[in-house]
2 protein chains.
Amino acid sequence: MDLDPRKKEVLHAIVDDYVSTFEPVGSKSLIERHGFDVSSATLRNEMADLEHMGLLEKPHTSAGRIPSDKGYREYVDSLMKVEPLSPDEQTKISENIKSSVGELKDLIKGAADTLSQATGFVSLTCSPRLKKSYLTQLKILMIEPGKALVVVVLSAGVVKDKLVRIPNFITDKQIFDISNAIEKNITGKPLDEITLITVSSALKGGTDIPDSLLNQVLYEAYAAIKQADRMDVYLEGEHRMLSLPDFSSMGRATQLLGSLADDGMVAGYLNEMEAQDKSNQDSYMIRIGQEITLEGFDDCSFITTTYNMADGVQGNIGVIGPKRMEYSKVISQIDFVKKNLDEQIKIINE
Amino acid sequence: MDLDPRKKEVLHAIVDDYVSTFEPVGSKSLIERHGFDVSSATLRNEMADLEHMGLLEKPHTSAGRIPSDKGYREYVDSLMKVEPLSPDEQTKISENIKSSVGELKDLIKGAADTLSQATGFVSLTCSPRLKKSYLTQLKILMIEPGKALVVVVLSAGVVKDKLVRIPNFITDKQIFDISNAIEKNITGKPLDEITLITVSSALKGGTDIPDSLLNQVLYEAYAAIKQADRMDVYLEGEHRMLSLPDFSSMGRATQLLGSLADDGMVAGYLNEMEAQDKSNQDSYMIRIGQEITLEGFDDCSFITTTYNMADGVQGNIGVIGPKRMEYSKVISQIDFVKKNLDEQIKIINE
DNA sequence: TTTGGCACTCGATGACCGAGAGTGCTAATC
DNA sequence: GATTAGCACTCTCGGTCATCGAGTGCCAAA
């Protein structure tokens, strides 16, 4: 959208004001707070223009203007400037993330906590997409007769396991053999290329176990491998939304938290989004207000980016906040958290 | 507390009415709704008595009465009758729980979901307390140089694992030996009797690895064992509380969800409670309003019971709801869910 | 011990009013 | 042609006020 410079200034000022005060901004207060060199009447005209273009809205006749979704979009796309965080905030975030010790899962959870705390919004994380990573090890460990643990090790340094049932009388040795055979056959294969047939073909006639039993074990192993690929979405800090003036009416608050509670829905949406802007690898995905096609998020924005593990495997991290947010600040917060997370992941994986 | 029969009836009626209408109940409506054979004036006297005894409260001079915490307590302890669920609800719950397939964790989560849905409140589950269970297997699996997976198998049929770092140049064979030695030495020991010394003593001089390296491995193994004992609290359905009239004021809602968000706090409280009424094994723990010493739960009640795994290992399941709840109904809901959960756990463990 | 009656209390509801902030439009000005 | 001053108009918000109704406590009679 092509706006003349003054219109840009006006829109910028209105978004800034509205974001910080949560009150519709009128022509007069605009002059007061920003050093506009024209009269209020002129601004009124400009504002009327911006409204016609669909960038501003009026809650009612005699109130000031607020940005429309389209207005925010314009702001985000071409008006705002992202500035680095204050050193204070930087050290706070860094230390917070460093202090979350443990495995990858804990690290991601720690980053999510930190992000939610820093922004005051809901933070959102997706477990890494492992489709493209390949299998480096597969072990089946006998736990007790009839029960085994399948351990799947992936290229990205991720280890997953699943407790499975196996026929009662299969022995330790047999399991060991099966596990070796499978491993030998599918090591190095990307996860999404492994099918039940791939797994089964590993064993053709190589053992003395009846086919029907063998198939059961193979199926369980296959299921364990496939499960490693499951996408987990984790939301943190839902309660923080209640303190925002944007959701101070019970109705909105209830609806929002209800929608957030269904994290499967959010997960599905993210998946969809990812498919949509594939180009945007490694950059930001921003969805504002009605752009989000899920029910109940009209007053929200999603901002997500990716974090990186070894071998190009990526997950998502971001926030769900009110669309009336300081986009530039939130983006730099996410960015900083993401960088710290990337670093820590590298350290964990040596 | 010894009440004459009519006072009991009156208190019973008031609790019932207040729970279902959420409005202070007055003498007149009490006669209308319940077939009391006396005049409103008489009831007023009775109510005044009950108030003096601390069982009822007045929100303000010219309103009806509401039960005090003590009133609810009396109701729960000696007035209410727990009735079985309707067959409809029973099948609904049963099916819901049966449909949550997978490992123990998924099963518990499924039960929690079901319970929250059935009651409309927050459900609460605690992972089993494994202190008293003993170790049946310990395997250390080499993942790659410098990284190993410690798998701990406990008597209750629980399998836990932890990814640990080990010195880079320790070999497959060495790890195997170490793991065997530890396993041999501490199998059968209750979890809470295993100390770092127990673990270390297993290896005294039995290998060719320098002590300093060995100690690192042993420490990691020890940490993995100890981690198996971690108590996880899982809350589900927080958003449902927003729909209750009890928390329809933004302030209360915010406070409640804020408190609930700190699940560590809830976990600590439950632990404390468990220590307190040890006698009550297998029965109900009920805490009403101010009896709960945590901040932010003045208008809530906790009701929990235990679910059972093999070998006497138990976990907790229950709800956090408004203290203005249908106790008898909720208790039978919890009870039914618990029974179903117990059953499914048995099936999973064969 | 129970009851009818009565004065009193207090929150909820709705009408009303004025203040304040903002707008759109028009006509004059640069 | 863009800008500005001025003005009539609109709409929300907050406060006041009166009224209503449900409920209480207490007293005197049954």
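Just so we're on the same page: letters track the sequence lines, and every chain starts at 1.
For the pair Glu23(A) CD and dG22(C) P, the interatomic distance rounds to 9 Å; values are reported in whole Å. Rounded to an integer number of Å, the gap from Phe22(B) CZ to dA12(C) C1' is 16 Å. Atom NZ of Lys28(B) is separated from atom C1' of dG25(D) by 15 Å (rounded to the nearest Å). When rounded to the nearest whole Å, the span between CE of Met47(B) and P of dA22(D) equals 15 Å. A straight line from OH of Tyr18(B) to P of dG23(D) spans 14 Å, rounded to a whole angstrom. In this structure, Ile31(A) atom CD1 and dT4(D) atom P are separated by 8 Å, rounded to whole Å. Asn45(B) has its CG atom 16 Å from the P atom of dG5(C), to the nearest Å. Rounded to an integer number of Å, the gap from CD1 of Ile66(A) to P of dT12(D) is 14 Å.
Among the nucleotides dT24(D), dT10(D), dT2(C), the one closest to any side-chain atom of Arg6(B) is dT2(C). The side chain of Thr42(B) lies closest to dT2(C) when the candidates are dC25(C), dG5(C), dT2(C). Listed nucleotides dG24(C), dC11(D), dG22(C) differ in distance to Glu51(A); the shortest reach to its side chain belongs to dG24(C). Candidate nucleotides dA21(C), dA22(D), dT4(D) were compared by shortest atom distance to the side chain of Ser39(A), and dT4(D) ranks first. When each of dG11(C), dT24(D), dT23(C) is scored by its nearest atom to the side-chain atoms of His60(B), the top-ranked nucleotide is dG11(C). Looking at the side chain of Val38(A), the nearest of the listed nucleotides dG23(D), dT23(C), dT4(D) is dT4(D). Side-chain proximity of Ala48(A) to dT3(C), dT24(D), dG24(C): nearest is dG24(C).
Mapped onto DNA chain C by nearest heavy atom, Pro24(A) and Ala41(A) fall at different nucleotides, with Pro24(A) at the one closer to the 5' end.
Crowding of Lys92(B) atom NZ: a count of heavy atoms from other residues, nucleotides or ligands under 6.0 Å not exceeding 12.
Within the 4.5 Å cutoff, side-chain heavy atoms of Met285(B) are placed close to those of Leu270(B).
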Pair Thr42(A)-Glu46(A), side-chain hydrogen bond (donor to acceptor under 3.5 Å, both in side chains): steps then yes or no: CA-CA 6 Å; Thr42(A) 312; Glu46(A) 293 286 30; over 6 Å; no
Tyr75(B) and Asp16(B): side-chain hydrogen bond (donor to acceptor under 3.5 Å, both in side chains), yes or no, with the steps? CA-CA 10 Å; Tyr75(B) 179 84; Asp16(B) 280 353; 2.9 Å; yes
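Residue Arg44(A) has no polar side-chain atom (N or O) positioned under 4.0 Å from OP1 or OP2 of dC7(D). When the side-chain nitrogen and oxygen atoms of Ser62(A) are compared with OP1 and OP2 of dA21(C), none of them lie within a distance under 4.0 Å. Residue Lys58(A) has a polar side-chain atom (N or O) positioned under 4.0 Å from OP1 or OP2 of dG24(C).
Heavy atoms of Ser27(A) sit under 4.0 angstrom from primed sugar atoms or phosphate atoms, though from no base atom.
Arg252(B) contributes atom CZ, which lies 8.5 Å from atom CD of Gln255(B) (distance to the nearest 0.5 angstrom).
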